[in-house]
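Here the structure is laid out as structure tokens; the discussion comes afterwards.
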Protein chains: 2
Amino acid sequence: MKAAPRPCSIADTLALVGEKYSLLVLREVSLGVRRFDRIARNTGAPRDILTTRLKRLVEAGVLEKVQYSERPPRFEYRATAAGEELQPVLVTLMAWGDRHLNADDRPVVLEHRCGEVLSPRIVCAHCGDEADRDSLTAHVRAPGWTTAGPTTPREA
Amino acid sequence: MKAAPRPCSIADTLALVGEKYSLLVLREVSLGVRRFDRIARNTGAPRDILTTRLKRLVEAGVLEKVQYSERPPRFEYRATAAGEELQPVLVTLMAWGDRHLNADDRPVVLEHRCGEVLSPRIVCAHCGDEADRDSLTAHVRAPGWTTAGPTTPREA
DNA sequence: CGAATGGGTTTGAAAAGCCAACCCATTGGG
DNA sequence: CCCAATGGGTTGGCTTTTCAAACCCATTCG
């Protein structure tokens, strides 16, 4: 046995979209930038890397490649429903950076329908109350994996 | 000029915590797993890589290294306030994976104080209404950068 | 005494990243 | 007609990272 790491949806998600540039590609697509050339420049990704990232994101089902011209054949990339559902990840990443890295000069601002600049807050969809550290308890379902404690988690 | 990529808090945040394993380290720390050995096994990170990641996360101010024993000197890693504020990122990543990758068997479940399993929802802190794609408008403050459109964004 | 724990560092090979150059088809301008 | 630009890539060759496994050191446990 090679001592598998903790089974976890965070790890699984990052295995799909956690490589360098992948989330920046998603950002561009969700800003309406859908073409190879422009995505390459806006993200800073080398073109060959971008090719492999796009391929992976399409395979993963978060983007789809759509032909918008025959003769010459040209394609653009669009977020699927699953891809759009990654927006909360982008929003929370941006909020953290705005607060801790660019507090005095936010490069991009999200305006909410209510007219205010968005301060995202995470709430429980059931009760509507805030879901922060203190209001959450993690339950690890996988056998042999606890949250902490001195017990040996897997191997012999 | 080498055509700088779009200035963006998402990119800036990922530059700090976007490398492989970094967010998994944060996950472990926020689950209460604070020691080198156990973090290494639970994340699957090679030990040398873990060393460099931890160093970077400490420099970035999201973790702090705390000595819990002299003779022999032993250390543990704790989340700073800034580090704890990354939890929304972990929560949204996990929610996406739970929904799209592990729908029938979530490895970890977060229970909210209200007693229900957490379905995180992002709302506007001002008005309290949901903040999804359709209720948000991006305003790019940096000059020369639009959200889309055919205009050339930076270079000559 | 010998093994285990804890926190790393070292080594050498494999993989990934990166840049610049190239390719092909079509459109647009002089 | 010819030349450059646009769009969407691929290729070559070098540099950087990653990785697994081994090693190191101090202390404690049996």
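Residue numbers start from 1 in every chain, and the chains themselves are labelled A, B, ... in the order their sequence lines are given, proteins ahead of strands.
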NZ or CZ of Arg35(B) within 45° of Tyr68(B) ring axis and under 6.0 Å =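 Arg35(B) over Tyr68(B) ring: yes.
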Do Lys65(A) and Tyr77(A) meet the cation-pi criteria used here (NZ or CZ under 6.0 Å from the six-membered ring centre, within 45° of the axis)?
-> no
Side chain of [X] only, heavy atoms from C-beta on: which candidate in [options] is closest?
X	options	answer
Arg53(B)	dG8(D), dG7(C), dT18(D)	dT18(D)
Ile49(A)	dC19(D), dC18(C), dG6(C)	dC18(C)
Thr51(A)	dG7(D), dT10(D), dG6(C)	dT10(D)

Nearest-angstrom distance from the residue atom [atom1] of [X] to [atom2] of [N]:
X	N	atom1	atom2	result
Leu24(A)	dG17(C)	CG	P	14 Å
Phe75(A)	dT10(D)	CZ	P	11 Å
Leu50(B)	dA20(D)	CG	C1'	15 Å

With a 4.0 Å cut-off on heavy atoms, is Lys65(A) in touch with a base, just the backbone sugar-phosphate, or nothing at all?
->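 Sugar-phosphate contact only - Lys65(A) comes under 4.0 Å of backbone atoms but never of a base.
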Give the B/S/- string for nucleotides 22-27 of chain C, one per nucleotide from 5' to 3', where a protein heavy atom under 4.0 Å of the base yields B, of only the sugar-phosphate yields S, and otherwise -.
-> ---BS-
In plain terms, say whether Arg78(B) and Glu64(B) are close enough for a salt bridge, that is, a side-chain N and a carboxylate O under 4.0 Å apart.
->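 Salt bridge absent between Arg78(B) and Glu64(B).
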Do the side-chain N or O atoms of Lys20(B) get closer than 4.0 angstrom to the phosphate oxygens (OP1, OP2) of dC19(D)?
-> yes
